[in-house]
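As structure tokens, the structure follows; a few thoughts come after it.
To find a chain, count down the sequence lines: A is the first, B the second, and so on, and within it residues start at 1. Heavy-atom basis, side chains included; hydrogens, waters and symmetry copies ignored.
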There are 2 protein chains.
Amino acid sequence: MSQLDEQAFSHIARYFQALAEPMRLKILNGLRDGEKNVTELVEISGGTQANVSKHLALLRDAKLIERDSRGTKAYYSISDQRIYELCNLVCGQIANQMSLDAAANEAFISALKIN
Amino acid sequence: MSQLDEQAFSHIARYFQALAEPMRLKILNGLRDGEKNVTELVEISGGTQANVSKHLALLRDAKLIERDSRGTKAYYSISDQRIYELCNLVCGQIANQMSLDAAANEAFISALKIN
DNA sequence: TTTCTATATAACTATATAGTAATGTAACAT
DNA sequence: ATGTTACATTACTATATAGTTATATAGAAA
């Protein structure tokens with residue numbers, strides 16, 4: 001396995017890692033319909049301000065979101081809408097795996113559709 | 001945010017978590033062209049037997065792979081080929097983000113295309 | 001049986017990171 | 001200048017997990 005391959009796998013892994021946290025998925029879901037400032041994201045996510053700020057910094061590091069500072073507020077937005085394609089693919093696979101009764105399954109699938 | 005949403009985000013996060021490790025991506029990549037036994041995966045991945053076994057158990061828990069025991073060997077295979085769609089989506093986004101010179105960029109993109 | 005091979009697991013260490021509490025900082029308002 | 005609001009950061013704790021070493025188990029072969 002070449003050095004480049006090693007690097008490539010690490011890159012991909014880091015990208016998935018950024019998506020591997022419920023709070024971060026909530027934040028990304030909150031940004032689905034456009035930019036929001038930190039206070040709004042705190043309300044939506046139900047997290048604390050400090051924790052949301054930390055997750056936002058991490059998501060920004062991973063280049064999943066962008067920051068726009070306006071006045072005393074900081075507006076965050078999704079860098080690449082294809083993130084939601086990823087999530088929906090995963091949702092499809094998870095829904096596939098689940099063996100719930102029909103009603104529960106339908107509810108779960110629609111809950112999984114985060115975009 | 002409903003209880004179901006919380007559960008949904010956790011499910012999705014756990015799925016991404018399984019993909020968020022270079023060694024596991026190597027293993028999945030090794031399974032791209034069909035089932036392989038543990039010894040083969042150890043060789044391909046360059047990991048130790050114990051470590052590869054642990055990652056295989058985790059991937060199996062996440063229902064990304066399946067195990068078929070034949071004689072003294074254990075053959076693993078991908079449960080859902082759509083995993084590679086996920087990886088390619090990520091690869092596309094990472095390649096997009098990278099600002100390398102043309103040659104390096106091309107090499108990296110092709111290295112990223114793990115299927 | 002004994003032995004060998006293939007795989008799994010347990011115990012351990014080291015590292016990463018999620019969450020919290022407290023503090024820092026920058027822009028705006030008064 | 002002072003206060004206030006919005007956000008970021010630091011220091012800390014707790015937990016999860018990657019990797020290693022050593023051991024367990026199970027099937028095949030002798």
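In this structure, the CG atom of B:Leu58 is 14 Å from the C1' atom of C:dA8, given to the nearest Å. Following rounding to the nearest Å, B:Leu59 (CG) and C:dA8 (P) show an atom-to-atom distance of 12 Å.
Dashed line: the shortest gap from a side-chain N or O of B:Tyr76 to OP1 or OP2 of C:dA8 is under 4.0 Å.
The shortest distance between side-chain heavy atoms of A:Ser77 and A:Ile65 does not fall below 4.5 Å. Proximity of A:Tyr76 to A:Asn37: side-chain heavy atoms (C-beta onward) are nowhere separated by under 4.5 Å. Looking only at side-chain heavy atoms (C-beta outward), B:Leu19 and B:Leu64 come within less than 4.5 Å of each other.
Nucleic acid contact class of A:Thr39 (heavy atoms, under 4.0 Å, all strands): sugar-phosphate only. If you check every strand for non-hydrogen atoms under 4.0 Å, B:Arg60 touches nothing.
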Show which side-chain atoms of residues 46-56 of chain A pair as donor or acceptor with protein atoms under 3.5 Å away, not counting sequence neighbours.
residue	atom	partner	partner atom	Å
A:Thr48	OG1	A:Asn51	N	3.2
A:Gln49	NE2	A:Ser53	OG	3.2
A:His55	ND1	A:Arg24	NH1	3.1

Reading 5' to 3' through nucleotides 19-30 of chain C, protein heavy-atom contacts under 4.0 Å coded B for base, S for sugar-phosphate only, - for none: BBBB----SS--
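Judged by the 6.0 Å distance and 45° axis criteria, A:Arg32 is not positioned over the aromatic ring of A:Tyr84. A cation-pi arrangement is present between B:Arg70 and B:Tyr75 under the rule of less than 6.0 angstrom and at most 45 degrees off the ring axis.
Using a 3.5 Å distance cut-off with no hydrogens or angles, the side chains of A:Tyr15 and B:Gln93 do pair a donor with an acceptor.
Residue B:Val38 is the one, among A:Gln17 and B:Val38, whose nearest nucleotide of DNA chain C lies closer to the 5' end (criterion: closest heavy atom).
Read 5' to 3', the first and last nucleotides of DNA chain D with an atom closer than 4.0 Å to a heavy atom of chain A are D:dT5 to D:dT9.
Contact record, A:Lys63 with A:Ser79: O-OG, 3.3 Å, taken as the closest heavy-atom pair.
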